[in-house]
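A short write-up of the structure that comes next.
Reminder, nothing fancy here: chain letters follow the sequence lines and each chain counts from 1.
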Amino acid sequence: MEGHISISGLSHTYVDKDVQTTTLIDINLQASRGEFVSVVGPSGAGKTTLLKTIGGLVKPSIGQIFINGNSPKKAQRFKNIGFMMQDPSLIPWLNVMKNVQLPLKLNPSTNQDQSSRALEWIESVELTDYVNYFPHQLSGGMKQRVAFARAMVIDPDIMLMDEPLGALDEITRSSMQQHLLNVWEKTGKTVILVTHSIREAVMMSDRIIVLSPRPAKIIGEVRVNIPRPRNERLEHSDIFQQLIQETKKILEFTKTA
Amino acid sequence: MKYNKKYVVSESYFLQHIAPPILAMTVIGAIWEMYTRLAKIPTYILPSPVTVIDHFYNNFSNLVTSGGITLIEAVAGFIIGSTLAMATAVLMGLSRILERSLYPVALLVKVTPMVAIAPLLVIWFGFNMIPIILVAAVITFFPVMVNTYIGLRSINTGILDVFKSVHASNWEIFINLRIPSSLPYVFAGFRVAIPLSVIGAFVGEFFSGNRGLGGIMFVAYHNLDMPALFSAILILAIIGICLTVTISYVEKRWLFWHESFLNR
Ligand SMILES: Nc1ncnc2c1ncn2[C@@H]1O[C@H](COP(=O)(O)OP(=O)(O)O)[C@@H](O)[C@H]1O
Ligand SMILES: [Mg+2]
């Protein structure tokens, strides 16, 4: 059961004063342990909302979500969920070390050795020289790496990542992709990655879920049967290009429809 | 530590930032001195700078002692007022009823000249330090309370989500997120309240008539002792400046991470 996500009949409508925004309609989705699932869709569709409902940050209007057979709230309590927000959301008054330690300090569960665990993840994202730096002293890519270390430090079963590389330049982005892939292959966590880059989705995932414009419905699914480990050279292969075209076609179909 | 820049008063800094105001004050002082001499303005209308400096020098210890009393009253009032203000803001954050009833009142009181209650307090509490500290505390209270309250609510929703995603308790969120997030607002409140507390102490003393710089000015006012009035004003100004510089220094140390201190 560990790392298993099950979503059934999920719909969500935001109610903000008297404005209602229906964002998700009848989402059904399963992810099994260790699976890497990407979600693509037009901006404003409801991707962030979907991720937040899975992470227990937004309570859905209708439908059920189970993580390891538990409700998202319970999964939060067990620290089963690593969440990477759309922007790094680092705490500006804490240095890199303290930012990464934060999830261990909050809702403390066992007597984990906080500093050595945090340091391991800071090392893994190659920021050892920056442990005493504050967020405003870091570049965009470095901030995202800190956010990644912070999400991983609790050793969650599932990782929810909301366009984590969206704001990065091309080069930083592709090296971060490789880094994420390496870590994922080593740790075997279940990943749900929201991205607006089809290229990224194909490169990283086992499966791509395509959403319609808001209100988001699942309008297609693309299986990425490319063997791993994968690297940048893949981008020139035929199968890679075919999968990109296939995903694009599903996305474009809804625009005209 | 890279963020902890040391500010060295370099030669160019002196030329750019320190020399011009000194020069301006010297010029104004010289014109003022010449004007009072050439136009033969009597001292009880406008004393010349030299007369003021002379008085200042001859009454230095009395002025400093009185200034010390005013300073202590202002700081005591500021500390009491802002402590109560922050506590009230926290309670308002916890209780809807308290917020609904107190906050609108606080907003109204904040924009009224509360210093006008000084004579009342002096009549009620007598000619001692208590009413004076109270005046300073009361006028400190409202800006700090309103700002703290706003600050406690001004949290980054992304960071809040990070806390919630590991099921942090409300207490953990309060201590680790709300309080630090409120500090920039709290300090903005302090910067408004500091000169107000000095004004409060001074006005309180003026109505008491027997202590501090307000007392000196009360007596000097009735005697048309212009050099004494000017000397007291000078000390008041110095107190205000010193307190503001102190609070700005603490603010800079604590809020180095805040936008307002970056890119400077
Ligand atoms: N807290 C909220 N209250 C009301 N409406 C919201 C809220 N958050 C998002 N929305 C709306 O829901 C829709 C989907 O938003 P979002 O999930 O952020 O889309 P995406 O991540 O795909 O760009 C948008 O129209 C947005 O305006
Ligand atoms: Mg989004």
Side-chain angles (χ1 to χ4, degrees), chain A residues 48 51-52 54-59 67 70-95 98-109 129-130 132-138 143 146-147 150-151 153-156 158-160 162, chain B residues 1-6 86 96 100 147-148 150-190 247-264:
Chain A
T48 297
L51 223 52
K52 284 188 176 178
I54 301 173
L57 299 172
V58 167
K59 192 175 161 14
I67 291 164
N70 294 319
S71 71
K73 281 279 169 213
K74 207 160 187 185
Q76 285 179 350
R77 196 167 313 147
F78 296 148
K79 297 195 179 173
N80 283 334
I81 306 168
F83 210 126
M84 254 181 109
M85 310 292 161
Q86 198 157 349
D87 45 8
S89 297
L90 300 182
I91 291 147
W93 55 86
L94 298 182
N95 64 20
K98 295 228 166 96
N99 260 289
V100 175
Q101 282 175 341
L102 185 78
L104 297 170
K105 289 223 162 92
L106 298 171
N107 173 25
S109 39
D129 293 342
Y130 296 88
N132 291 321
Y133 278 55
F134 286 85
H136 68 264
Q137 298 167 320
L138 305 175
K143 284 183 200 164
V146 177
R150 182 177 62 183
V153 77
I154 52 173
D155 193 22
I158 69 167
M159 278 291 277
L160 304 176
D162 194 355
Chain B
M1 293 275 156
K2 210 178 149 198
Y3 58 90
N4 207 351
K5 284 182 214 148
K6 288 263 182 293
M86 292 185 284
R96 254 287 150 79
R100 290 256 167 91
N147 271 39
T148 308
I150 296 172
L152 288 171
R153 303 179 59 140
S154 309
I155 52 175
N156 177 306
T157 49
I159 296 180
L160 180 63
D161 278 345
V162 171
F163 277 69
K164 287 188 172 165
S165 73
V166 291
H167 213 267
S169 67
N170 284 336
W171 176 248
E172 285 173 324
I173 291 172
F174 184 76
I175 292 294
N176 296 294
L177 180 57
R178 286 195 192 278
I179 289 196
S181 304
S182 75
L183 287 182
Y185 295 83
V186 174
F187 271 96
F190 285 169
I247 207 81
S248 301
Y249 175 77
V250 176
E251 187 179 11
K252 206 176 230 162
R253 296 280 310 234
W254 284 18
L255 300 182
F256 62 89
W257 49 269
H258 191 248
E259 288 119 359
S260 59
F261 288 102
L262 304 181
N263 311 318
R264 271 201 191 169

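Not a single salt bridge (Lys or Arg N to Asp or Glu O under 4.0 Å) links B:Glu172 to another residue, sequence neighbours left out.
Looking at A:Pro92 and B:Ile159, their side chains come closer than 4.5 Å, going by heavy atoms from C-beta outward. Between A:Leu106 and B:Phe163, the closest side-chain pair of non-hydrogen atoms falls below 4.5 Å.
Taken to the nearest 0.5 Å, the CE atom of A:Met85 stands 5.0 Å off from the OG atom of B:Ser165. Annotation: the span from B:His167 atom NE2 to A:Arg77 atom CZ amounts to 4.0 Å, rounded to 0.5 Å.
Both the backbone and the side chain of B:Leu177 come within contact range of chain A, with heavy atoms under 4.5 Å apart. In this structure, no portion of B:Thr157 lies under 4.5 Å from any heavy atom of chain A. Neither the backbone nor the side chain of A:Leu94 comes within contact range of chain B; no heavy atoms are under 4.5 Å apart. If you measure heavy-atom distances from A:Ile91 to chain B, the contacts under 4.5 Å come from both the backbone and the side chain.
Counting heavy-atom neighbours within 6.0 Å of A:Lys59 NZ, excluding the residue itself, gives a total of 12 or less. Other residues, nucleotides and ligands place more than 12 heavy atoms under 6.0 Å from the CZ atom of B:Phe174.
Legend: salt bridge (charged side-chain N to carboxylate O under 4.0 Å, His left out) pairs involving residues 161-171 of chain B, not counting sequence neighbours, sorted by first then second residue: A:Lys52-B:Asp161.
When each of B:Ala168, B:Ser169, B:Pro180 is scored by its heavy-atom pairs under 4.5 Å with chain A, the top score falls to B:Pro180.
If you run ring pair (Phe, Tyr, Trp, His ring centres under 6.0 Å) between B:Trp257 and each of A:Tyr133, A:Phe134, A:Trp93, only A:Trp93 comes through.
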